[in-house]
Amino acid sequence: DVQLQASGGGLVQAGGSLRLSCTTSGFTFADYHIGWFRQAPGKEREGVSCFSTSDSTTYYADFVKGRFTVSRDNAKNTVYLQMNSLEPEDSAVYYCAPALKSFYGGYYCRPTWNRWGQGTLVTVSS
């Protein structure tokens with residue numbers, strides 16, 4: 001059974017840091033690029049970070065560029081999202097899913113599976 005589980009969320013003050021983890025199972029982790037998404041209340045889900053196949057780099061949405069960093073541990077089938085300099089606007093439920101950088105009027109993260117695991121809530125207080 002395929003599972004993607006985001007964890008590590010919590011309440012943090014503006015300017016603080018959190019590290020989210022995405023643990024996976026049920027598929028060959030090394031064959032997929034895992035991206036991060038978030039959804040704030042009343043808003044659509046948006047891509048935060050994903051892999052760019054054109055240049056084999058990690059793509060970051062402009063609103064997190066320079067503050068968030070993705071890493072992965074293939075031995076643990078886990079992807080991490082290090083979030084620094086958090087802002088109240090970063091408050092959302094964060095999800096992980098296989099995704100790739102795509103273009104449609106602008107760059108965005110396109111989920112390659114229509115499958116979403118349980119997210120983790122991040123709340124940044126001002």
Side-chain angles (χ1 to χ4, degrees):
D1 185 28
V2 173
Q3 293 191 8
L4 299 110
Q5 175 75 50
S7 62
L11 174 63
V12 63
Q13 289 188 332
S17 298
L18 280 175
R19 189 177 80 155
L20 306 185
S21 298
C22 172
T23 54
T24 71
S25 62
F27 62 97
T28 305
F29 180 77
D31 289 347
Y32 291 90
H33 300 287
I34 305 298
W36 286 94
F37 298 78
R38 70 186 188 185
Q39 187 168 20
K43 295 187 177 182
E44 293 188 355
R45 184 150 37 198
E46 58 185 359
V48 173
S49 177
C50 53
F51 185 76
S52 172
T53 57
S54 62
D55 56 6
S56 298
T57 62
T58 302
Y59 163 78
Y60 296 92
D62 286 344
F63 50 80
V64 302
K65 195 174 297 182
R67 301 187 297 123
F68 290 12
T69 304
V70 173
S71 61
R72 62 188 283 154
D73 186 335
N74 287 338
K76 296 182 179 180
N77 291 352
T78 300
V79 176
Y80 303 98
L81 180 66
Q82 178 66 44
M83 306 187 298
N84 298 329
S85 302
L86 283 163
E87 304 168 352
E89 294 73 23
D90 295 317
S91 296
V93 177
Y94 283 72
Y95 302 87
C96 55
L100 294 173
K101 178 185 175 184
S102 297
F103 184 86
Y104 186 77
Y107 290 112
Y108 73 105
C109 291
R110 177 179 58 84
T112 55
W113 290 358
N114 186 23
R115 183 190 299 267
W116 298 94
Q118 184 173 346
T120 186
L121 177 63
V122 172
T123 303
V124 184
S125 62
S126 58

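FYI, the numbering just counts along the sequence from 1.
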Inset, instruction - Heavy atoms only: give me the nearest Leu18-Gly8 pair and the separation to one decimal. - result: CD2-O, 3.9 Å
Inset, instruction - Write down the atom of Phe29, the atom of Val79, and the distance for their closest heavy-atom approach. - result: CZ-CG2, 3.5 Å
Inset, instruction - With sequence neighbours excluded, tell me which residues meet side-chain contact (heavy atoms from CB on, under 4.5 Å) with Ser85. - result: Arg67
Inset, instruction - Could you list all the salt bridge (Lys or Arg N to Asp or Glu O under 4.0 Å) pairs where at least one residue sits in residues 26-42, not counting sequence neighbours? - result: Arg38-Glu46, Arg38-Asp90
Legend entry - Pairs meeting criterion salt bridge (Lys or Arg N to Asp or Glu O under 4.0 Å) with involvement of residues 3-18, two or more places apart: none
Is there a path of hydrophobic side-chain contacts, each under 4.5 Å between heavy atoms of I, L, V, M, F, W or Y residues, that connects [X] with [Y]?
X	Y	answer
Val93	Phe63	no
Val48	Trp113	yes
Tyr59	Met83	no

Taking only residues two or more places apart in sequence or in another chain, which ones pass side-chain hydrogen bond (donor to acceptor under 3.5 Å, both in side chains) with [X]?
X	value
Arg110	Ser102
Thr58	none
Arg45	none
Ser52	Ser54, Asp55

Inset, instruction - Give every residue pair that meets the side-chain hydrogen bond (donor to acceptor under 3.5 Å, both in side chains) criterion with at least one member in residues 12-24, sequence neighbours excluded. - result: Ser17-Asn84
Legend entry - Gln82 atom CD, over 12 foreign heavy atoms within 6.0 Å: yes
Legend entry - Summary of ring-ring contact (aromatic ring centres under 6.0 Å, His included) pairs that have at least one residue in residues 65-104, sequence neighbours excluded: Phe103-Tyr107
Inset, instruction - Can you run down the ring-ring contact (aromatic ring centres under 6.0 Å, His included) pairs that involve residues 33-52, sequence neighbours left out, and say none if there aren't any? - result: His33-Phe51, Phe37-Trp116
Legend entry - Flag side-chain contact, heavy atom, 4.5 Å: Leu4 against Val2: yes
Inset, instruction - May I have all residue pairs that pass disulfide (SG to SG under 2.5 Å) and include part of residues 16-85, sequence neighbours excluded? - result: Cys22-Cys96, Cys50-Cys109
Inset, instruction - Give a yes or no answer on whether the side chain of Ser91 reaches the backbone of Val124 with a donor-acceptor pair at less than 3.5 Å. - result: yes
Legend entry - Rounded distance (nearest 0.5 Å) linking atom OG1 of Thr78 with atom CG of Leu20: 12.5 Å
Inset, instruction - First locate atom CZ of Phe27, then atom CD of Gln3, and finally report the distance between them rounded to the nearest 0.5 Å. - result: 10.5 Å
Inset, instruction - Decide side chain to side chain contact (heavy atoms under 4.5 Å, CB included) for Val70 and Tyr60; before the verdict, give the C-alpha distance in whole Å, the side-chain angles of both, and the deciding distance to 0.1 Å. - result: CA-CA 9 Å; Val70 173; Tyr60 296 92; 3.8 Å; yes
Legend entry - salt bridge (charged side-chain N to carboxylate O under 4.0 Å, His left out) against Lys65, all qualifying residues, sequence neighbours excluded: Asp62
